[in-house]
Amino acid sequence: MPKTTKKLSPQRRALLIAAGLAAAVPFAANAQGNEDIVIGGSIPMTGVFAFAGVGINAGIADYVKMVNDAGGIKGRKLRYVPEDTGYKVDVSVAAFKKITSQNKVNLYYGDSTGFSKTINPELDRGGQILMAGASFATELNDPAKYPNQFLVGPDYTEQIGILLRHIAKEKPGAKVAFVYSDSEFGRDPIEASEAAAKKLGLSVPVKLMTPAGSVDVSTEVIKLRRAAPDYTIFHGYILAPIPEFVQQGKQMGMTSKWMGTFWTMDSSTVMKMGEGGDGFMGVMPYRYYYDTSAKAPMLDKIRALRPEYQSTAYTQGFLTAMLFTEAAKRTLDAGKPLDGKNLKAALNTIKDFDTGGIIGTPITIKGNSIPVGRVYKADMKAQKMVPASDWIALN
């Protein structure tokens, strides 16, 4: 008999496994007769952001399973319903519409800044959903404009703010250069960060903008060397052209320390810089998978569940699901219906909350972000990111 079934791609299989095939049973009710609490997800399992999407998907799915294995939330099960978006805004919007039409969704993970901005009027109109996602865009950190959204960490301006706080302490009066991509992502924190640097007594002798994917940076490196910064902060890239800047800068005798923000700072990304990346620093709002410098019971659980390295994107997905769950639990404990307004209000009651060591200090969520992070440094010999600062809170 000829086979007519389409072979599942590994990405599709991962989504179906993560969802526990739940998408096939919309509005499934559990034994208590209570509706499931549904987390929808626009997840980039394919496309340019797949390296993050695969981790995010596994992180959300693992936390959902942990909660359900422990009995759910007040007798209600969590159900995770993801769709692949290929990291395209129109596909992400279509996924949102599909998931929300087939399920009663109260929590949603978005895959990009573009999607978060595009879907915002829909969130406000519907009023049923609290959303977080992969974006740390400064614009989203505005409770008046984005009342039903939040960021799972510091926004991009706050991330650079954490680096600047570290710099001001380590070398008062230092010269700081900003190198950023010619993209909305790249430009996002630059103006505010220049003002923040000056407020801390630091100077900004040069700001360099490069095309997003460009690797020919020889002209920019000459300008950078001329400015002779003590620190160079890169933003708006994943990897290229950072290694090119670092390598050529070192060859030209630059003594700058080099730094990055969240999407550059996954351990596997930094390690691709090779020997030249030794000592590369950056901000990370979460502990790395292998960080055993302090007690972290939730990381112990993750390591037991997944003995191989998990990316910072995994940790971000896992923590998002944890905060979604906490908001839902607090809303139900208060006897209120699960809707966007109540879930966000419950999220904003989170004060001195222990994430089980994922973030190394208790967190408080006053608005739309969690302005906490730590500076880590690459140790190429150990092939690890090691702490270079204490936890820094901007609150």
Side-chain angles (χ1 to χ4, degrees), residues 136-138 141 151 153-181 185-209 220 223-237 242 245-246 249-250 253-265 270 277-288 291 293-294 312 359-364 366-367 369-379 385-395:
F136 296 99
T138 306
N141 192 5
L151 310 176
D155 70 37
Y156 293 128
T157 303
E158 290 168 339
Q159 288 179 30
I160 292 184
I162 289 163
L163 292 174
L164 293 173
R165 187 80 68 87
H166 174 70
I167 290 167
K169 190 179 172 188
E170 189 176 74
K171 188 168 184 175
K175 290 195 284 183
V176 182
F178 293 121
V179 179
Y180 58 101
S181 67
F185 170 32
R187 290 184 294 272
D188 174 321
I190 302 304
E191 205 177 306
S193 297
E194 187 176 11
K198 287 175 178 166
K199 215 177 258 182
L200 287 165
L202 306 167
S203 66
V204 181
V206 69
K207 293 178 295 180
L208 296 171
M209 186 167 76
E220 280 85 3
K223 289 178 191 166
L224 192 61
R225 188 188 66 166
R226 207 174 290 141
D230 300 301
Y231 297 83
T232 301
I233 296 175
F234 297 99
H235 177 73
Y237 311 102
I242 297 172
F245 266 101
V246 174
K250 284 183 175 178
M254 284 183 67
T255 55
S256 173
K257 289 185 176 178
W258 313 89
M259 296 177 142
T261 52
F262 183 82
W263 288 114
T264 297
M265 290 307 293
V270 178
D278 194 53
F280 186 88
M281 292 192 285
V283 59
M284 182 47 61
Y286 325 123
R287 274 206 177 92
Y288 285 90
D291 183 347
S293 61
T312 47
I359 296 175
T361 186
I363 60 166
T364 297
K366 290 178 185 166
S369 78
I370 309 165
V372 173
R374 187 188 211 178
V375 181
Y376 279 84
K377 183 162 81 172
D379 179 340
M385 303 302 295
V386 296
S389 80
D390 283 335
W391 290 90
I392 298 168
L394 296 180
N395 278 7

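Values below: all heavy atoms of this structure, side chains included; hydrogens, waters and symmetry mates excluded.
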Please determine whether side chain to side chain donor-acceptor pair (under 3.5 Å) holds for the pair Ser369 and Asp155, giving the CA-CA distance in whole Å, both sets of side-chain angles, and the decisive distance to 0.1 Å. CA-CA 7 Å; Ser369 78; Asp155 70 37; 5.0 Å; no
Determine whether Phe262 and Val283 satisfy the following criterion, side chain to side chain contact (heavy atoms under 4.5 Å, CB included), listing intermediate values before the conclusion. CA-CA 6 Å; Phe262 183 82; Val283 59; 5.7 Å; no
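With hydrogens and angles disregarded, no donor-acceptor distance shorter than 3.5 Å links the side chain of Thr261 to the backbone of Ile160. Formation of a donor-acceptor pair under 3.5 Å by the Tyr231 side chain with backbone atoms of Trp258 is not found in this model.
Residue Ile233 is tested with Met281, Lys257, Met259 for a side-chain contact (heavy atoms from CB on, under 4.5 Å); the sole match is Met259.
Between Tyr286 and Tyr376, the ring centre distance reaches or exceeds 6.0 Å.
Contact check for Leu202 versus Asp230: no side-chain heavy atoms found under the 4.5 Å cut-off. Side chains of Glu158 and Asn141 form a contact here, defined as non-hydrogen atoms less than 4.5 Å apart.
Not counting sequence neighbours, the partners of Pro205 by the side-chain contact (heavy atoms from CB on, under 4.5 Å) test are Lys175, Ser203, Ala227. The side-chain contact (heavy atoms from CB on, under 4.5 Å) check on Lys199 picks up nothing, with sequence neighbours excluded.
The existence of a salt bridge linking Arg374 and Asp291 is confirmed by a sub-4.0 Å separation between a basic side-chain nitrogen and an acidic carboxylate oxygen.
For the atom pair CE of Met265 and OG1 of Thr312, the computed distance is 9.0 Å after rounding to the nearest 0.5 Å. If you take CG on Leu163 and CD on Glu170, they are separated by 11.0 Å, rounding to the nearest 0.5 Å. The NZ atom of Lys169 sits 13.5 Å away from the CD1 atom of Ile167 when rounded to the nearest 0.5 Å.
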